[in-house]
Amino acid sequence: MLVSILVYGLTLAVFLWGSSFAKAGQIKSDYLSLENSNATKGLACIGVFLHHVSQNPAFQNSADIKFFEFIGFIFVGIFFFYSGIGLLKSWKSKPGYLDTFFKKRMLPIVIAIYVMNVFYAVFIYIAKYREMDALRWVLGLLNIIILNDQSWYPIVILIMYAAFRLAFKKCKTTGKAIFVVFLVALAQLVLFCSLGHFAWWIDYGWFKGPQSFATAKWYQEICALWFQGEWWVNSTLCFVMGLLWAHHEEKLIAFFSKNYWPKFIAVTLLMLGGMYLGFYAMFSIGYWTEFAGHGVGRLDKTVTLIAQQVQLATFITFITVLKFKWTRSNKVLSFFSSISLEFYLMQRIALNSLLFITGTDRETAIIKEWHWNLMVYFVAVLAANLVLAFVYKWINKRVYKLLVK
């Protein structure tokens, strides 16, 4: 299929472009350099985009890029991991780092959230994307609920940033500070497992009727409120993993420097086992058990969540250990890394505005010969997404300059 050839071919080319290998008997000292880290985040940015495109109704009914439908959380885990590494390394190397932490690290994300809300308010109003009453408009613009259903990441990363700042200001040792951050991340996992995917606790039992969701209030709908969705939490612990890796980096380098290849093979086998475990739990147990007559399904969610934590931990360990011997960086990956947040937060507008190319919903999605219209949709969404990201980033920078004068 044209889309598969285009996507997998270009992704592989970008993935391999700019490869660099360590000399025999050595490991790369720059494996976590800014350039190499940005290359990995750039690849993750592309992966998140492909994940969201794969959720389009037409792509759901075709085999094109379906692989990306099930691995979006892994790409997000990479962002959390490198965020944790970056924060701890900066804290160690920059005196007074936490004094300007809010202004330099948190405020840009806060601005991005509220500017994004303006974009999506306009989009929802013009495209009539969903029904909105006055209360929902107010809560959405204030970000108490989210207007963009893909905008959970900046909320969670802000929570983790706040936890990092508080913990590393108050705790006397790095180990204790990391443990506090871990507790904050763990609390979010527990919260999702308790909440499930909708507000079952409002007038308990309302969801059991045959027309329950058809007549539900907006705040009772699926994934209407914060942390109603496994994607809110299943990658968050990678942030803590990043802190731990940066904290113990010297020991880890020393460990893998000796007998690298046997240890790499062991890590690879663990990764493969973790992948099997995570996908088995996702498809055989799963998160959405409340829709199979099993109630909220806290146990199912917890088991699946634990399995995915093993999957993520082993995969991220694998790619990081791999970088001891092989890294790659190029202009394409650096470019996507530089606009990753903006590119991500504008995707829903691009994806939904151009749905007419493939149809309007799952039942009427059009798949033409050679799937050429899916390729047109893919290219159009990519182009629109890039334009929106640039405009959005430009506005965010101007608002930031106004606020920090």
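These numbers come from a predicted model, not from an experiment.
- Centroid-to-centroid, the aromatic rings of F123 and Y129 come within less than 6.0 Å.
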Report task. Could you give me the CA-CA distance, side-chain angles and deciding distance for F192 and W232, then say whether ring-ring contact (aromatic ring centres under 6.0 Å, His included) is met? Result -> CA-CA 8 Å; F192 161 68; W232 280 80; 9.9 Å; no

Requested in this report: List the steps, then state whether side chain to side chain contact (heavy atoms under 4.5 Å, CB included) holds for Q220 with F198.
Outcome: CA-CA 6 Å; Q220 294 174 305; F198 58 87; over 6 Å; no

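- With respect to the salt-bridge test (charged N to carboxylate O, under 4.0 angstrom), the residues K169 and D99 qualify.
- Pairs engaging residues 267-279 under the side-chain hydrogen bond (donor to acceptor under 3.5 Å, both in side chains) rule: none recorded [sequence neighbours left out].
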**Report entry** Test side chain to side chain donor-acceptor pair (under 3.5 Å) applied to W326 and S19, step by step
**Finding:** CA-CA 7 Å; W326 172 64; S19 293; 3.0 Å; yes

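- Using a 4.5 Å cut-off on side-chain heavy atoms (C-beta onward), T317 and L270 make no contact.
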Report task. Output, in order, the C-alpha distance, side-chain angles, deciding distance and verdict of side chain to side chain donor-acceptor pair (under 3.5 Å) for Q308 and Y287. Result -> CA-CA 11 Å; Q308 286 196 328; Y287 291 110; 2.6 Å; yes

Requested in this report: Any chance you could lay out the side chain to side chain contact (heavy atoms under 4.5 Å, CB included) test for F15 and I46, step after step, and finish with the verdict?
Outcome: CA-CA 10 Å; F15 179 71; I46 295 171; over 6 Å; no

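- Checked against F68 for a ring-ring contact (aromatic ring centres under 6.0 Å, His included), the options F49, F59, Y8 give a single hit: Y8.
- Relative ring orientation between W245 and F81 is described as perpendicular, the plane-to-plane angle rising above 60° on a 0-90° scale split at 30° and 60°.
- Residue F70 qualifies as enclosed at atom CZ: its count of foreign heavy atoms under 6.0 Å is above 12.
- Classification of the Y260-F324 ring pair by plane angle, with boundaries at 30° and 60°, yields perpendicular.
- For T304 (side chain) and M282 (main-chain N/O), no donor-acceptor pair under 3.5 Å exists by modelled atom type.
- The 12-atom threshold is not exceeded at NZ of K104, counting heavy atoms of other residues, nucleotides or ligands nearer than 6.0 Å.
- Ion pairing of E131 with R136 is absent here, as no side-chain N (NZ or NE/NH1/NH2) approaches a carboxylate O to less than 4.0 Å.
- A search for side chain to side chain donor-acceptor pair (under 3.5 Å) contacts involving K89 returns E249, not counting sequence neighbours.
- When all heavy atoms of L341 and A112 are compared, the closest pair comes out as CD2-CB, 4.1 Å.
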Requested in this report: Could you walk me through whether K41 and S340 pass side chain to side chain donor-acceptor pair (under 3.5 Å), step by step?
Outcome: CA-CA 8 Å; K41 289 190 288 185; S340 57; over 6 Å; no

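- No side-chain donor-acceptor contact under 3.5 Å links N38 to the backbone of L333.
- Although no hydrogens or angles enter the test, the distance criterion places a donor-acceptor pair under 3.5 Å between the side chain of W206 and the main chain of A199.
- Each of W261, Y31, F264 was evaluated against K325; a single residue qualifies, W261, per the side chain to side chain contact (heavy atoms under 4.5 Å, CB included) test.
- Residues F164 and F101 bring their aromatic ring centres within 6.0 Å.
- Side-chain atoms of K393 come within 3.5 Å of backbone N or O of S338 as a donor-acceptor pair.
- With ring centers used as reference points, Y344 lies 6.0 Å or more from F336.
- Note: L50 CG to C45 SG = 9.5 Å, rounded to the nearest 0.5 Å.
- Of the possible donor and acceptor atoms, none in the side chain of N148 sits under 3.5 Å from a partner among the backbone N and O of R348.
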Query raised in the report: Would H197 and Q228 count as a side chain to side chain donor-acceptor pair (under 3.5 Å) if you check the C-alpha gap in whole Å, the side-chain angles of each, and the deciding distance to 0.1 Å?
Result: CA-CA 5 Å; H197 290 96; Q228 289 180 339; over 6 Å; no

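- For K397, the NZ atom counts as loosely surrounded, since its 6.0 Å shell holds 12 or fewer non-hydrogen atoms of other residues, nucleotides or ligands.
- Taking every heavy atom of both residues into account, Q309 and L189 meet most closely at CD-CD2, 4.4 Å.
- Side-chain atoms of S329 and E35 form a donor-acceptor pair, as typed in the model, at a separation below 3.5 Å.
- Counting only distance, with no hydrogens or angles, the side chain of S353 and the backbone of I349 share a donor-acceptor pair below 3.5 Å.
- When side chains are defined from C-beta on, V156 counts as touching F80, because their heavy atoms get closer than 4.5 Å.
- Side-chain contact check for L6 versus V379: some heavy-atom pair is nearer than 4.5 Å.
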Report task. Any chance you could lay out the side chain to side chain contact (heavy atoms under 4.5 Å, CB included) test for I253 and I27, step after step, and finish with the verdict? Result -> CA-CA 8 Å; I253 291 175; I27 64 173; 3.5 Å; yes

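- In this structure, S90 contributes its side chain and L87 its backbone to no donor-acceptor pair below 3.5 Å.
- Using a distance-only test at 3.5 Å, with no hydrogens or angles considered, a donor-acceptor pair links the side chain of W200 to the main chain of L195.
- Between F390 and F343 the shortest side-chain heavy-atom distance does not fall below 4.5 Å.
- Without hydrogens or angle criteria, N234 side chain to L305 main chain gives no donor-acceptor distance under 3.5 Å.
- For F75 and F79, the ring centers sit 6.0 Å or farther from each other.
- Residue Y125 places its OH atom among 12 or fewer non-hydrogen atoms of other residues, nucleotides or ligands, all under 6.0 Å distant.
- Taking the six-membered ring for Trp and the full ring otherwise, the centers of Y392 and F119 sit less than 6.0 Å from each other.
- When only modelled atom types and interatomic distance are considered, Y97 and R165 share no side-chain donor-acceptor pair under 3.5 Å.
- Checked by atom type and distance alone, the side chain of Q26 never pairs as donor or acceptor with a backbone atom of K23 at under 3.5 Å.
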Query - side chain to side chain contact (heavy atoms under 4.5 Å, CB included) between M160 and T236, worked out - result: CA-CA 8 Å; M160 300 311 297; T236 313; 3.7 Å; yes

